[in-house]
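Everything numeric here is computed off the predicted structure, so don't read it as measured data. First listed ligand is number 1; within each ligand, the first listed atom is number 1. Only heavy atoms go into these numbers, but all of them, side chains included; no hydrogens, no water, no symmetry mates.
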Amino acid sequence: MTDCLFCKIVEGEVPAKIVRESERALAFRDINPQAPTHVLVIPREHRPDAAALAASSPEALAEVVGLAARVAADEGIADSGYRLVFNTGAGAGQTVFHVHAHLLGGRGLNWPPG
Ligand code: AMP
Ligand code: ZN
């Protein structure tokens with residue numbers, strides 16, 4: 001999609017601090033981190049949200065989650081625990097409509113989230 005910020009990151013047209021890559025997924029640091037570790041994990045293909053990706057490419061969704069787990073291990077938070085969040089829809093705070101998992105950790109995380 002030509003007008004999608006995260007497609008532009010995939011294409012290298014917008015810079016990002018990439019921490020890990022795989023064939024179908026990409027992980028980069030959130031520009032406005034909400035925790036010591038705040039990484040976004042996206043599929044290279046454009047889908048608006050997690051449900052759409054699950055319907056069209058379940059293996060790409062699995063790769064997003066698997067890449068997030070490897071980043072959590074890299075960041076040393078696999079044992080202490082981390083949160084994976086797919087905000088879905090504007091009412092839930094989604095602002096970029098290219099599916100992304102927020103990987104959050106490195107501090108205590110309250111439940112339920114706000
Ligand atoms: P959401 O609100 O769930 O759609 O999350 C979008 C996230 O993208 C927010 O946490 C933003 O801080 C982050 N973000 C926006 N622009 C960029 C960018 N150029 N590079 C990295 N993260 C970004
Ligand atoms: Zn996109």
Side-chain angles (χ1 to χ4, degrees):
M1 282 226 343
T2 50
D3 212 25
C4 170
L5 174 63
F6 288 176
C7 282
K8 287 177 180 166
I9 288 177
V10 169
E11 296 302 325
E13 294 168 17
V14 168
K17 291 184 182 167
I18 293 170
V19 295
R20 254 193 187 269
E21 296 187 59
S22 67
E23 190 183 337
R24 302 184 70 158
L26 188 64
F28 54 93
R29 297 206 184 275
D30 195 290
I31 205 168
N32 182 23
Q34 303 300 314
T37 293
H38 188 174
V39 169
L40 302 177
V41 188
I42 67 172
R44 293 183 189 275
E45 67 191 87
H46 181 92
R47 294 289 181 270
D49 58 37
L53 187 65
S56 69
S57 311
E59 62 293 342
L61 180 58
E63 198 166 312
V64 166
V65 174
L67 193 65
R70 287 194 288 282
V71 173
D74 291 345
E75 300 272 316
I77 58 170
D79 293 336
S80 56
Y82 56 88
R83 188 167 292 160
L84 284 184
V85 178
F86 291 94
N87 291 330
T88 303
Q94 187 176 6
T95 59
V96 178
F97 289 84
H98 179 132
V99 56
H100 49 282
H102 292 261
L103 167 62
L104 295 153
R107 64 166 169 81
L109 296 168
N110 294 328
W111 189 261

- Exercise: identify the closest heavy-atom pair between Glu45 and Ala60: OE1-CB, 3.7 Å

- Tell me, please: is Phe28 in heavy-atom contact with ligand 1, that is, under 4.0 Å? yes

- Query: N/O of Val96 under 3.5 Å from N/O of ligand 1, yes or no?
  - Reply: yes

- Are the side chain of His98 and the backbone N or O of Pro43 linked by a donor-acceptor pair below 3.5 Å? yes

- Message: Using heavy-atom distances only, which candidate in Ile42, Asp30, Asn32, Leu5 approaches atom 11 (C) of ligand 1 most closely?
- Response: Asp30

- May I ask you to identify the nearest protein heavy atom to atom 17 (C) of ligand 1, giving residue, atom name and distance to one decimal place in Å? Ile31 CG2, 3.7 Å

- Under 4.0 Å from ligand 1, counting heavy atoms only, is it the side chain of His102, its backbone, both or neither? side chain

- Determine whether any heavy atom of Arg29 lies closer than 4.0 Å to an atom of ligand 1. yes

- Does Arg107 use its side chain to pair, donor to acceptor, with the backbone of Gln34 at less than 3.5 Å? yes

- Message: For Asp3 and Lys8: C-alpha separation, side-chain torsions, deciding distance, then whether side chain to side chain contact (heavy atoms under 4.5 Å, CB included) applies.
- Response: CA-CA 8 Å; Asp3 212 25; Lys8 287 177 180 166; 4.1 Å; yes

- Looking at ligand 1, does any of its N/O atoms fall within less than 3.5 Å of an N/O of His38? no

- Query: Which atoms of ligand 1 sit under 4.0 Å from any heavy atom of Asn87?
  - Reply: 3 (O)

- atom 4 (O) of ligand 1 [closest protein heavy-atom partner, distance rounded to 0.1 Å]: Thr95 N, 2.7 Å

- Query: Atom NE2 of His102 and atom CG of Leu40: how far apart are they, to the nearest 0.5 Å?
  - Reply: 5.5 Å

- Measure the distance from atom 2 (O) of ligand 1 to every protein heavy atom, then report the residue, atom name and distance (to 0.1 Å) of the closest one. Gly93 O, 2.7 Å

- Query: Distance from Phe97 atom CZ to Asn87 atom CG, nearest 0.5 Å?
  - Reply: 9.5 Å

- After noting the C-alpha distance and the side-chain angles of Phe28 and Ile42, does the key distance pass the side chain to side chain contact (heavy atoms under 4.5 Å, CB included) rule? CA-CA 9 Å; Phe28 54 93; Ile42 67 172; 3.7 Å; yes

- Judged by atom type as modelled, is there a donor-acceptor pair below 3.5 Å linking the side chain of Glu75 to the main-chain atoms of Thr37? no

- Task: Answer yes or no: does an N/O atom from His100 fall short of 3.5 Å to an N/O atom of ligand 1?
- Result: yes

- Note on the structure: Closest to the Zn ion (ligand 2), among the N/O/S atoms of His46, is atom ND1

- Could a heavy atom of Ala16 be found less than 4.0 Å from some atom of ligand 1? no

- Query: Vertex the Zn ion (ligand 2): angle to ND1 of His98 and SG of Cys7, to 10°?
  - Reply: 110°

- Note on the structure: Contact region, Phe6 to ligand 1, non-hydrogen atoms below 4.0 Å, reads side chain

- Message: With side chain to side chain contact (heavy atoms under 4.5 Å, CB included) as the criterion, how do Val71 and Tyr82 come out once you've worked through the C-alpha distance, each side chain's angles and the decisive distance to 0.1 Å?
- Response: CA-CA 11 Å; Val71 173; Tyr82 56 88; over 6 Å; no

- Message: I'd like to know if Glu21 pairs up with Arg44 as an ion pair, taking the criterion as any Lys NZ or Arg NE/NH1/NH2 lying under 4.0 Å from an Asp or Glu carboxylate oxygen.
- Response: yes

